[in-house]
Amino acid sequence: MFLEIKNLKKSYGEAGNRTEVLKGVSFSVEKGEICVLLGPSGSGKSTLLNIIGGIDTGDEGYVSINGEKTEDMKEKALTQYRRKHLGYVFQMYNLIPNLSVKENIEVGAYLSDKPLDINDLLHTLGLYEHRHKLPNQLSGGQQQRTAIGRAIIKNPDILLCDEPTGALDFHTSKEILKLIEDINQKYGSTVIMVTHNDALKEMAHRVIKFRDGNIRKDYKNETRIPVEELDW
Amino acid sequence: MKKTKNPLRKRLFRELKADFGKYIALFLFMVATIGFVSGFLVAAGSMQKTFDESFDKYNIEDGHFVLKEEASDSLIEEIEKKQIEIYSDYYVEEDVDTNGDSTRDGTLRIFGEREEINKVCVLSGELPKTGDEIALDRVYMSNNKLKVGDTVSVAGKKLEICGIVALSDYSALFQDNSAMMFDANLFGVGVVINDTFEAFGEIHKSYSYGWKYDTEPKTEKEEKKKSDKIGEKLVLTAMQEGNEIEEFLPNYANRAIHFAGEDLGSDKPMMTVLLYVLIAIIGFVFAVTVNNTVEKEATVIGTLRASGYTKGEIFRHYITIPLVITFTAAIIGNILGYTVFEDVAKIMYQGSFSFTTYVTNWNEEAFVLTTVVPMIIVFIVIAFALGRKMSLSPLRFIRKDLDKKKKVKVIKLGKLPFLTRFRIRIILQNFTGYITLFIGILFAALLLMFGMIMPSLMESYGEDALKYKPCNYQYILYGPYEIENEQAEPYCVTNLKMQDDFYDEEEISIYGLQEDSKYYKEQLPENGVMVTSDMAEKYQLEEGDIINLQEEYEGKLYAFRVEKIFDYPTNLGIYMSMEAFAETFEFEDGYFNGYFSNEELTDSVLPEEQIVTHITDEELTRVSRQMDDSMGEMFGMVQVFAIVLFILLIYLLTKQILEKNAQSISMVKVLGYGNGEIAGLYIVASIWGVIISAILSLVFNTIFFQFLLRIFMNGYGGWFRLVISMEMYLQMFFLMLGTYLLVAFMQFLKIKKIPMSQALKNVE
């Protein structure tokens, strides 16, 4: 088992006014899977993603990757864990405005001892022609591709995507999803993607549906379809 | 595999380019500050080294004595038994006419060829070779606008100036060692060839003999002991031979030799403190800038941290520009310090003192003080400002939740008018920004205070010194000498070195007064001593405290209990009764060694030879003049610096507040508010912030300045009482407000440019 989440609980707020965001979530993900976490706003999926990503902590339970529990890690180890194993993609691209596309991707490459070939990746991302442009010279889709490039260049074990198409139109969203699928196939990265777009479950190997901090449904998608065929 | 270089580095140059105006202003400011201080420290250090080395290099005497008549061989032989070697160093003192108008333009002390001791340093031109040539001291020449090739008339004899020289034993041109200050306009020194010297005749000749010890004394105490013995022997031998001693002056007591050296380091504490205050202010501006960049780029930082960048990597990235700018400014500042600014400082010193050939020396202390320390200050200020933020989790950055404090409940503003409530809300919303603005104003006001107050302090010191002086004439005698004069009142005085943990050793006068003194109305305490108010303020003394002093040469320690503090600004003195004085210093009852008098005691009443010195108004105001001489011009520069920095700070800080509010401003515009109304809301809110900050900064800085003054005064004897008039406060306040209004006008132009579309942008 590659990624295991066991009885994970998390709540926010002061005593007397506490909101339980995760109410004892357990599931596991196999290496190389695309796992889509589905659910409405406030269902706890982003919180779960942040805990997996080591940027937030659970109150109870644990997250384990390759047998290493994140809760046992001190801050330094947690940073190393993120550095070695994770790539992050957010809804907002969070690119560095005064670095070019290529340089933004190099920011990710710097973190790895064995980064992917940047020119090869730029071709995969469809950004080779735009590699010298600054983020403000790009479309939203191109910016998100750059953000994915920055996350994937270090060849992470897990690519965490938080609403990666949330700010994009239909066609651009499909382009991005196609890219994520390609990366999964080409580099074998495990992808955990948070979304409230129900249609995306079709592209996943694994679908976990959330509601009010609980897993409502957790199943393997035996009839997954290519991204090109997705519609919503 | 080759490790990829951190690509974030590529941002640095682009950041610099993007904010070029701001960074270049800070850079130039730093270069000027560091350059000036570095130049000053290098010049002072080099001068000090030149001065210290001159003792060996020019074989400066260990002391000299002047006899009424030429010493016999037997007298010389007898004195040399005290393990010294004696050298003739005769001189004549003659009136000089420097401009050919047949009037006296001062006095020249002229020596023959000095080849053994007190050798001459030729600064320009050459030493005299013929009978009608003279080489003169540089400072005297400069003050009298003389140059090589000019002719001066000395005792009616025309002499052409063939060289500019420094006489190694006259770095300060004291004609009379008992004079408190020297006058290099009216007194100068020079050398001629021996034939010319002899031609001046005997009338104005002084038989001066310099001595060198066979074995150099190791301590001042030993030197004093040795010279005392030489003095005793000389008195005896001269008396036996029917000769008279006109002057006996060991090296350590010779002010012409030592005064310049003592003055050299006195400005250093003030200069370095000023440098550090300025660097801390620039560090603060950097910190504010970096802090704002971090806030602006919070989501990027969060993403980088989430991707595995460490806190250290992020912190190093953001601190690199300030440190690179500081380092570059320090290096360029130092280069300018060693070239341009050193000359400025050198000219400042050389205007007063006749130093031998100046050689610029590498000064590692100055380099550390002007390079390493500024880097450390900037690092600490930024680390302090960013440290807390950097420790936040990546998630907090991603959510732009960078305030550590818990969410504050909304403050109810009751029935205040709408616009007032709106402005209060603006201030509350930007509270951190206003706190930063306050700190910025606090810094700038400190600098402004420094520039404006110091000249005024010096001026009032001079006035107070004359206003509070106990009498018009104060004489110090070699020993008791009775005179008949109703105005003259005897007193005792001696000097001891104050022992204090904070200040360098300083000479303090201890007075013994008559019980019913007409010049000091204060009732003397029966036990213990009374001290002046400035003494108490400088050394933070209270009644009941014990003060420790030490005799300079014998090392004997004295402890006095402060029984009373009395008002006497500008004076650092300890007072007791004459009886207590005699008992303390083991003199016979009735001992005295001075007179206070409101009328001048002429030679017929008090012979000149009885007088060690008489304290003039010049001496009373010496501290303020000394400071004015060395720092006067600088205070004007500091004022300009302060105002420029103040404008820069206010502009940057209020700009940040405005930028943060750009969204709200454009939203208010969308609602239909005009530019004037918006300026009325946001700028008026800032005005409140500036007014409150200005008032508070004046209050806090008055307290802080008192502390700084203690550091400044470390290099100077005496004490400046910090008195700031209401007029001065008002001047500073309105200067700050005026500066802000200028910035506000620039802000108004900026507000006009904020587009309404800003309000409609996606807000995370």
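Protein chains get the first letters and strands the later ones, always in sequence-line order, with residue 1 at the start of each. All of these numbers come straight from a predicted model, not from anything done at the bench.
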Where A/R82 and B/A306 come nearest, the two heavy atoms and their spacing: CD-O, 3.0 Å
Interatomic distance, CE@A/M92 vs OG1@B/T303, rounded to 0.5 Å, equals 10.5 Å
Is the number of heavy atoms from other residues, nucleotides or ligands within 6.0 Å of CZ (B/F384) greater than 12? no
B/R11 side-chain N/O to A/L99 backbone N/O, donor-acceptor pair under 3.5 Å: no
Is the count of non-hydrogen atoms from other residues, nucleotides or ligands lying under 6.0 Å from A/Y187 atom OH greater than 12? yes
Taking 4.0 angstrom as the limit, do B/R9 and A/E106 come out as a salt bridge? no
Atom pair NZ (B/K10) and CG (A/N104), whose distance is rounded to the nearest 0.5 Å: 10.5 Å
Checking an interface table here. Which of residues 13-25 of chain B come within a heavy-atom distance under 4.5 Å of chain A? B/R14, B/E15
Would you say B/H317 has more than 12 foreign heavy atoms packed within less than 6.0 Å of its NE2? yes
Rounded to the nearest 0.5 Å, how far apart are CD of A/Q91 and OG1 of B/T299? 12.0 Å
Flag side-chain contact, heavy atom, 4.5 Å: A/R83 against B/T310: yes
A/F170 atom CZ: more than 12 heavy-atom contacts under 6.0 Å: yes
How about A/K76: does its NZ atom have over 12 heavy atoms from other parts shown lying under 6.0 Å from it? no
Between A/K84 and B/G308 (side chain of the first, backbone of the second, donor and acceptor by atom type, cut-off under 3.5 Å), is there such a pair? no
Using non-hydrogen atoms only, which part of A/E75 is less than 4.5 Å away from chain B: side chain, backbone, both, or neither? side chain
Is atom CD of A/E68 surrounded by more than 12 heavy atoms (other residues, nucleotides or ligands) closer than 6.0 Å? no
Is the side chain of A/Y88 donor-acceptor paired with the backbone N or O of B/R305 at a distance under 3.5 Å, no angle test? no
Tell me the closest heavy-atom pair linking A/T79 and B/Y309, and the distance in Å. CG2-O, 3.8 Å
Counting heavy-atom pairs under 4.5 Å with chain A, which one of B/L304, B/I301, B/V300, B/L8 comes out on top? B/V300
Side chain / backbone / both / neither for A/L78 at chain B, heavy atoms under 4.5 Å: neither
How long is the span from the CG atom in A/D56 to the CZ atom in B/R396, to the nearest 0.5 Å? 11.0 Å
Taking atom NZ of A/K186 as the centre, does the number of heavy atoms from other residues, nucleotides or ligands within less than 6.0 Å exceed 12? yes
With a 4.5 angstrom heavy-atom cut-off, which part of A/N98 approaches chain B: side chain, backbone, both or neither? both
Interatomic distance, B/S307 atom OG to A/L86 atom CG [nearest 0.5 angstrom]: 9.0 Å
A/D212 atom CG, neighbour heavy-atom count above 12 within 6.0 Å: no
